[in-house]
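So that the names make sense, note that chain A is the first sequence line, chain B the second, and so on, each numbered from 1.
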Protein chains: 2
Amino acid sequence: MAREAGVHISTASRALNPSTAFIVHPVTVERVAEAARKLGYRPHPLARGLRTNRTMSVGVIIPDVENPLFGPIIAGVESVLVEDGYSVLIGNADRGPNHADSLVEDMLERHVDGLILATPGRVVSDTARQAQRDVSMVLVNRSVDDDSIPAIVGDDHAGIGLAVRHLRELGHERIGHVAGPEWVSTGRGRRDAFLAWMSTVGLEADIDLVEEAEWYQVEPGTTAALALLSRHPDLTAIVAANDLLGLGCYRAVRSLGKVIGVDVSITGYNDMPLLDLMQPSLTAVRVPYRRMGVDAATTLLALIAGEDVSPGRVLLSPTLAIRSSTGPPADRG
Amino acid sequence: MAREAGVHISTASRALNPSTAFIVHPVTVERVAEAARKLGYRPHPLARGLRTNRTMSVGVIIPDVENPLFGPIIAGVESVLVEDGYSVLIGNADRGPNHADSLVEDMLERHVDGLILATPGRVVSDTARQAQRDVSMVLVNRSVDDDSIPAIVGDDHAGIGLAVRHLRELGHERIGHVAGPEWVSTGRGRRDAFLAWMSTVGLEADIDLVEEAEWYQVEPGTTAALALLSRHPDLTAIVAANDLLGLGCYRAVRSLGKVIGVDVSITGYNDMPLLDLMQPSLTAVRVPYRRMGVDAATTLLALIAGEDVSPGRVLLSPTLAIRSSTGPPADRG
DNA sequence: GTGAAAGCGCTAACAT
DNA sequence: ATGTTAGCGCTTTCAC
């Protein structure tokens with residue numbers, strides 16, 4: 001052990017710890033550092049944690065690791081936390097609604113220093129709320145209605161605005177919306193944004209132009225789009241609340257014998273990989289997911305450091321990837 | 001603390017630990033359990049780890065978390081480890097070739113009980129090799145040439161066989177291969193498998209029918225396919241070493257004015273999400289990635305438990321998802 | 001500026 | 001079947 005090699009006992013501890021090294025004579029510091037290097041000594045994080053009550057680890061709870069959306073978030077989170085010496089514990093809450101809570105408890109039990117939740121929903125469970133008393137916590141890609149927990153989310157209002165304005169500028173006047181489930185914060189938020197933007201661009205904000213899909217998947221998207229198009233056969237464009245819903249719209253439009261991007265333009269949301277390879281490639285609002293992860297981790301670090309972070313949400317600006325699923329409306333005979 | 005609430009001191013420890021509870025009087029066990037529940041007591045994993053030298057955590061090192069391929073692997077790994085009380089530490093080695101090594105060292109420093117590596121390459125770094133002395137280690141989705149570390153990998157020979165036989169059965173006789181880079185184990189392996197299967201099905205195993213793509217991406221796939229098709233304009237089918245390469249072939253075939261699935265059939269490999277939504281949908285060899293994660297974790301657990309696991313590779317059988325990018329060869333004028 | 005000693009919360013001998 | 005004791009490897013008062 002470094003202590004034997006270099007000099008004496010706990011001076012080594014002080015020397016090796018940046019925040020106490022200044023107490024120690026520079027020469028001694030150097031000697032200790034040298035010895036540590038030579039012996040390949042590494043402080044044992046468990047022993048340290050036991051003493052300092054910090055594990056230098058944070059838990060990240062993801063609703064479904066298999067969803068490509070979360071890769072960039074995890075990467076972003078990891079990149080900043082690793083920099084500060086933290087490890088990232090992944091929890092995959094794919095076993096139903098209560099699974100996330102049980103993961104939160106696991107993480108608490110492990111005494112993580114912080115928690116990042118990406119699980120959906122507009123309210124947070126009691127478990128999570130209680131957890132907030134014990135550890136620093138931040139939400140990513142979702143928020144709570146009362147904004148009581150800091151959240152990093154995409155600016156859905158701006159994103160939907162990008163899509164609606166793009167369509168409006170192309171000349172569309174009859175635009176519909178295939179919405180996500182209302183109990184998910186993005187489902188509700190994007191729907192509201194759609195209606196708001198319709199007014200803004202001078203079109204009628206009719207709730208009847210919205211059809212809610214049961215879930216963010218292709219199949220429900222098709223169903224919803226068919227319902228929407230049967231109510232409003234004259235629609236020339238659909239803003240989908242999600243890429244998969246957008247792809248679902250493809251099927252609906254095709255089954256009606258219409259051409260995507262000509263008879264009916266479609267926009268997606270999120271911009272997942274491979275969208276540019278679809279036929280036609282899907283115009284989509286791109287959300288900066290990696291950035292989201294980075295910001296969430298940064299916020300968490302600030303929280304852990306005791307800086308006071310205002311709760312409430314931080315909005316990240318999306319961009320629009322314009323592809324071939326959108327075009328000017330076809331002239332109507 | 002439970003000790004005060006219930007009875008006396010370290011009896012509680014024994015009572016709470018399943019593997020020592022039998023020593024304690026059942027009544028006492030119950031009393032302790034009760035008290036623990038009431039006080040919301042949770043054993044501190046750090047203190048325990050300090051004593052037992054086990055952290056109940058394992059590190060998983062992924063070359064790129066953003067690649068959708070690894071989601072299922074992580075999910076599989078996590079699902080079995082969580083069951084046994086382990087936590088999963090994720091390392092994202094996306095910062096170049098040496099990043100993985102530095103992550104391995106981080107993990108070692110944290111005293112993980114085991115390590116799962118998914119980083120590519122046909123040999124393992126010295127760091128990793130040394131790490132194997134300190135902790136249990138298993139490879140997933142890659143192996144080492146000398147099989148000195150247990151590895152769970154897809155059976156590429158069988159997978160390519162699925163593709164080649166499928167095409168052969170459709171009636172194809174002139175089949176080419178767009179290969180992955182040779183320095184990656186899958187690139188080399190699938191190429192060899194392709195040549196072997198060509199002989200097996202009674203076709204000529206000509207190395208000239210293989211074109212190596214620079215990297216597993218769409219663009220290089222197009223380039224390679226164009227080179228291949230200019231050498232062999234009469235090819236009626238292409239086996240791609242990877243889905244993205246397969247999609248790259250789409251572009252090449254189209255740019256030649258030919259129809260995919262009619263003039264030229266194409267198969268992919270891996271079966272990533274959304275492939276079924278491509279136009280035409282891509283026939284692909286499906287690798288059981290989640291299962292891979294599950295098996296890797298199970299093997300690791302066995303290793304940790306001290307059971308002797310034979311090193312060498314475990315091959316997981318792929319299946320074939322037949323879609324519309326493959327069909328009988330068109331009659332030639 | 002450095003040493004000595006206590007103790008973080010647990011588990012594992014060793015008593016009883 | 002339960003209580004006692006020591007100590008995992010570190011940080012942190014408290015002396016010197």
Side-chain angles (χ1 to χ4, degrees), chain A residues 1-37 39-57 85-87 106-113 134-135 304, chain B residues 1-37 39-57 85-87 106 108-113 134-135 304 306:
Chain A
M1 179 116 350
R3 12 201 84 163
E4 317 307 357
V7 283
H8 310 276
I9 185 155
S10 63
T11 306
S13 173
R14 292 190 267 256
L16 259 11
N17 190 321
S19 66
T20 48
F22 74 100
I23 303 184
V24 159
H25 193 95
V27 173
T28 321
V29 171
E30 187 42 52
R31 203 147 30 113
V32 172
E34 168 73 21
R37 202 175 315 117
L39 296 229
Y41 167 82
R42 314 209 164 275
H44 192 130
L46 263 54
R48 172 188 306 218
L50 188 55
R51 205 39 235 227
T52 58
N53 229 345
R54 309 178 72 225
T55 53
M56 295 305 280
S57 66
Y86 285 85
S87 284
D106 282 3
M107 299 280 184
L108 251 34
E109 201 156 322
R110 278 195 171 263
H111 292 234
V112 294
D113 297 337
D134 295 347
V135 327
I304 290 176
Chain B
M1 175 116 352
R3 8 201 88 162
E4 317 307 357
V7 284
H8 309 277
I9 188 158
S10 65
T11 305
S13 173
R14 292 190 266 256
L16 261 10
N17 190 322
S19 66
T20 48
F22 74 100
I23 304 185
V24 155
H25 194 93
V27 174
T28 321
V29 171
E30 186 42 51
R31 202 148 31 114
V32 172
E34 168 74 20
R37 202 175 314 116
L39 294 238
Y41 167 82
R42 314 206 162 280
H44 192 130
L46 263 54
R48 173 192 307 229
L50 189 55
R51 217 17 237 199
T52 58
N53 234 337
R54 310 181 70 226
T55 54
M56 296 304 281
S57 65
Y86 285 86
S87 285
D106 283 3
L108 252 33
E109 200 156 325
R110 280 196 170 263
H111 292 234
V112 292
D113 297 336
D134 296 347
V135 313
I304 291 176

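- Within the 4.0 angstrom heavy-atom criterion, no nucleotide atom of any strand lies near B/Arg54.
- Taking only side-chain nitrogens and oxygens, A/Ser13 comes nearer than 4.0 Å to OP1 or OP2 of D/dT11.
- In this structure A/Glu34 satisfies the side-chain hydrogen bond (donor to acceptor under 3.5 Å, both in side chains) test together with A/Arg37, sequence neighbours excluded.
- With sequence neighbours excluded, the residues forming a side chain to side chain contact (heavy atoms under 4.5 Å, CB included) with A/Val135 are A/Leu108, A/Leu115, listed by chain and number.
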If you restrict it to nitrogen or oxygen atoms, what contacts under 3.5 Å exist between nucleotides 13-16 of chain D and the protein, and what is each distance?
none

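- Looking only at atom types and distance, the side chain of A/Ser57 has no donor-acceptor partner in the side chain of A/Arg110 under 3.5 Å away.
- B/Leu16 has its CG atom 14 Å from the P atom of C/dA12, to the nearest Å.
- Atom pair B/Met56:CE and C/dC10:C1' shows a separation of 15 Å (rounding to whole Å applied).
- The side chain to side chain contact (heavy atoms under 4.5 Å, CB included) test applied to B/Arg48 returns B/Asn17, B/Pro43, B/Thr52, not counting sequence neighbours.
- Distance, B/Arg48 CZ to D/dC10 C1': 20 Å, rounded to whole Å.
- In this view, A/Arg42 and B/Glu109 satisfy the salt bridge (charged side-chain N to carboxylate O under 4.0 Å, His left out) rule, not counting sequence neighbours.
- A/Glu30 places its CD atom 13 Å from the P atom of C/dT2, with the value rounded to the nearest Å.
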Give me, pair by pair, the N or O atoms of the protein and of nucleotides 6-8 of chain C that are less than 3.5 Å apart, along with how far apart they are.
from, atom 1, to, atom 2, distance (Å)
C/dG7, N2, A/Arg51, NH1, 3.0
C/dG7, N3, A/Arg51, NH1, 3.0

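- The distance from atom CZ of A/Phe22 to atom C1' of C/dT2 is 14 Å, rounded to the nearest whole Å.
- Taking only side-chain nitrogens and oxygens, A/Thr11 never comes nearer than 4.0 Å to OP1 or OP2 of C/dG1.
- Residues A/Ala21 and A/Val29 approach most closely at O-CG2, 3.9 Å, considering heavy atoms.
- The separation between B/His25 atom NE2 and D/dT2 atom P is 7 Å, rounded to whole Å.
- No engagement by A/Thr20 is indicated, since no non-hydrogen atom pair under 4.0 Å with the nucleic acid exists.
- Rounding to whole angstrom units, NE2 of residue B/His44 and C1' of D/dG9 are separated by 14 Å.
- In this structure, B/Ile23 places its CD1 atom 12 Å from C1' of C/dA13, rounding to the nearest Å.
- With sequence neighbours left out, the side-chain hydrogen bond (donor to acceptor under 3.5 Å, both in side chains) criterion links B/Arg51 to no other residue.
- Scanning for side chain to side chain contact (heavy atoms under 4.5 Å, CB included) contacts around B/Thr11 gives B/Arg14, B/Val24, B/Thr28, with sequence neighbours left out.
- With sequence neighbours excluded, no residue forms a salt bridge (charged side-chain N to carboxylate O under 4.0 Å, His left out) with B/Arg54.
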